[in-house]
Amino acid sequence: MKASAYPLVDADEAAALVLERTPVLPSEEVHLADCFGRVLSGDVLAAADLPPFPASAVDGYAVRSADGGGRLRVAGESAAGRPFAGELPAGTAARILTGGVLPAAADTVVMVEDVEQGDGWVRVPQGVPAGRNYHRPGDDLRRGDLVLRRGEPLGAAELGLAAALSLPDLPVHRRPRVALMSTGDELVEVGQTPGPGQVVDSNRWALLAALREAGAEVTLLGVAPDRPEPLRTLVVEALAGHEVLVTSGGVSVGSHDLVKPLLESLGEVHLGRVRLRPGKPFTFATLPGGRLAFGLPGFPVSSLVTFEVFVRPALRKMQGFVTLQRPTLPVRLGYTAQASADRTEFQRVTLRREGADLVAETTGSQSSSRLMSLAGAHALVRVPPGERGIPAGTVVEAVILSLPG
Ligand code: AMP
Ligand code: MG
């Protein structure tokens, strides 16, 4: 095997280099129906007070508090969407329903449970306080308030707020369009029975899910053979409609590893080897038109770990996320983590609660072909290179993928 021409780059430096070269995608106006998970490209201010009018919080009677104790004629009704017309005359009450407008001159709402009701009249208690049981205009939001910040992802509550402010479309960053391709003559389609030496293309489905979770729009290119020409044709065609190319396989230094030379010929390769385990042959290139290409290693765990470390933060930057990294939490190691001599290792662990602590246990053999080391893992524990490793009982900051129930 020939030696690689690419220097081994420290994992943190490599991650920073990828982000430096990653553009933020432009903004577009998108209807609320399609905004879930998108990221605002501008601040949203309240154009009006919310609620816009004094709105009853209960079913009951709107009165002038000074009229408490007396028998009050029921002068009419204020239901949601059907206000009482005009001012409430002194000595009268208006039946009011939740969401109804407090009639002018009324200053309080008495709950239906607290009134004595007769035929066409009600009696509310003496000394009933003013200002009860209704929301004042602007209680929830004042006109001009900063409601949603740029960089904030849009979830259910944020979309509800935008709708309440009567904004049908929001300015959000475009989603990256990603072309995903597996490489390798040994690969067969899922559902087929592999012949001698063949392997099912599992990376396609793992990376499709990972890409979607990261917010990308994905085009599946299928499998490219280990021959330069068809590989090149597939990649060149795909680049037309996509900002990002993600490949798996074909990046180590064997004679069938064709991705690096192809990317060299199309653009500029910035990373060809990183001090990362798993994932040493990770490759990153920029292509004309501000496009990015990620050549992930073929081993299934390597492809997903390099996706986590390099691709996911880049896709989030493209979409305008302020937070690019997953959250971390302190966890106590329930096992002794052996270190790799010269590479930062991301070990896969499960977590369990022990009182107020989270305890991390290894998922077993950390072989880069063993997807069982990642399936069901709650977190990644970063083990710096060197001889020392991390003794059991040490508390470390782990990258949280999911939390135990
Ligand atoms: P490569 O990086 O192309 O040398 O591939 C390294 C190892 O990963 C080989 O054992 C491949 O068979 C395996 N591999 C490559 N691509 C895939 C894939 N798409 N799905 C599952 N395994 C793969
Ligand atoms: Mg291969």
Side-chain angles (χ1 to χ4, degrees), residues 15-16 18-58 78 80-81 83 98-102 104 107-109 130-177 211-217 243-244 290 311-330 397 399-403:
V18 169
L19 286 178
E20 272 162 33
R21 306 264 170 183
T22 299
V24 177
L25 295 180
S27 176
E28 60 183 349
E29 291 281 322
V30 173
H31 189 269
L32 292 179
D34 298 312
C35 277
F36 181 77
R38 304 288 293 265
V39 184
L40 282 173
S41 58
D43 292 342
V44 173
L45 305 184
D49 285 348
L50 264 192
F53 53 81
S56 184
V58 298
S78 179
T98 304
V101 183
L102 186 75
D107 62 6
T108 198
V109 175
R132 291 295 162 91
N133 296 320
Y134 70 91
H135 302 293
R136 285 153 195 75
D139 263 3
D140 293 349
L141 268 183
R142 292 221 166 269
R143 186 176 163 192
D145 280 355
L146 176 59
V147 179
L148 299 169
R149 270 169 215 284
R150 96 188 250 180
E152 235 177 87
L154 295 166
E158 291 74 23
L159 294 175
L161 253 177
L165 293 168
S166 203
L167 298 171
D169 304 293
L170 294 175
V172 293
H173 290 282
R174 286 225 340 260
R175 285 181 187 283
R177 290 169 300 181
L211 284 162
R212 287 196 173 145
E213 188 276 337
E217 282 172 17
E243 290 86 25
V244 180
V311 186
R312 189 175 181 276
L315 295 174
R316 287 175 68 84
K317 180 176 176 189
M318 291 179 126
Q319 291 165 84
F321 279 97
V322 168
T323 310
L324 304 183
Q325 308 297 338
R326 289 196 191 266
T328 63
L329 282 176
E397 278 292 317
V399 177
I400 303 299
L401 303 172
S402 66
L403 285 170

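In what follows, every heavy atom counts, from backbone to side chain, and hydrogens, waters and symmetry copies are set aside.
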(request) With sequence neighbours excluded, tell me which residues meet salt bridge (charged side-chain N to carboxylate O under 4.0 Å, His left out) with Arg175. (result) none
(request) Look at atom CZ of Arg136 and say whether more than 12 heavy atoms of other residues, nucleotides or ligands are closer to it than 6.0 Å. (result) yes
(message) Counting neighbours of CZ on Phe53 that are heavy atoms of other residues, nucleotides or ligands and sit closer than 6.0 Å, is the number greater than 12?
(response) yes
(request) Side-chain contact test, heavy atoms from C-beta onward, threshold under 4.5 Å: evaluate it for Leu161 versus Leu141 and give yes or no. (result) yes
(message) Run the side chain to side chain contact (heavy atoms under 4.5 Å, CB included) test against Pro83 and tell me which residues pass, sequence neighbours left out.
(response) Val101
(request) For Ala15, check side chain to side chain contact (heavy atoms under 4.5 Å, CB included) against everything at least two apart and list the hits. (result) Phe310
(request) Write out all pairs satisfying side chain to side chain donor-acceptor pair (under 3.5 Å) with one or both partners inside residues 35-48, taking only residues at least two apart or from two chains. (result) Ser27-Ser41, Glu28-Arg38
(message) For Thr108, give me all partners under side-chain hydrogen bond (donor to acceptor under 3.5 Å, both in side chains), at least two apart in sequence or on another chain.
(response) none
(request) Please examine the side chains of Pro137 and Pro54, heavy atoms only from C-beta on, and report whether any two atoms are closer than 4.5 Å. (result) yes
(request) Give a yes or no on whether the backbone of Ala57 and the side-chain of Asn133 come within a donor-acceptor separation of less than 3.5 Å. (result) no
(request) Can you sort out the partners of Asp107 under side-chain hydrogen bond (donor to acceptor under 3.5 Å, both in side chains), two or more places apart, ordered by chain and number? (result) Ser65
(message) Any heavy-atom pair between the side chains of Ser78 and Leu102 that's under 4.5 Å?
(response) no
(message) Which residues pass the side-chain hydrogen bond (donor to acceptor under 3.5 Å, both in side chains) test with Ser402, not counting sequence neighbours?
(response) none
(request) For residues Leu165 and Leu50, report the shortest heavy-atom separation together with the two atoms involved. (result) CD2-CD1, 4.1 Å
Donor-acceptor contacts, no H, no angles, side chain residues 145-160, under 3.5 Å, sequence neighbours left out:
from   : atom 1 : to     : atom 2 : distance (Å)
Asp145 : OD2    : Arg142 : N      : 2.8
Glu152 : OE2    : Arg149 : N      : 3.2
Glu158 : OE1    : Gly155 : N      : 2.9

(request) List for me each residue that meets side-chain hydrogen bond (donor to acceptor under 3.5 Å, both in side chains) alongside Arg132, sequence neighbours excluded, and say none if there are none. (result) none
(request) Go through the structure and list residues passing salt bridge (charged side-chain N to carboxylate O under 4.0 Å, His left out) with Glu217, not counting sequence neighbours. (result) none
(message) So which atom in Gly144 and which in Leu45 form the shortest heavy-atom distance, rounded to 0.1 Å?
(response) O-CD2, 4.1 Å
(request) Please identify each residue that fulfils side chain to side chain contact (heavy atoms under 4.5 Å, CB included) with Asp34, with sequence neighbours left out. (result) Val30
Could you pull out every donor-acceptor pair under 3.5 Å between side chains of residues 315-330 and any protein atom, sequence neighbours left out?
from   : atom 1 : to     : atom 2 : distance (Å)
Arg316 : NE     : Thr323 : O      : 2.9
Arg316 : NH2    : Thr323 : O      : 2.9
Lys317 : NZ     : Leu19  : O      : 2.8
Lys317 : NZ     : Thr22  : O      : 3.0
Gln319 : NE2    : Ala214 : O      : 2.7
Gln319 : NE2    : Leu315 : O      : 2.9
Arg326 : NE     : Glu308 : OE1    : 2.9
Arg326 : NE     : Glu308 : OE2    : 3.2
Arg326 : NH2    : Glu308 : OE2    : 2.8
Thr328 : OG1    : Glu397 : OE1    : 2.6

(request) Report yes or no: does His173 contribute a side-chain atom to a donor-acceptor pair with the main-chain N or O of Leu25 at less than 3.5 Å? (result) yes
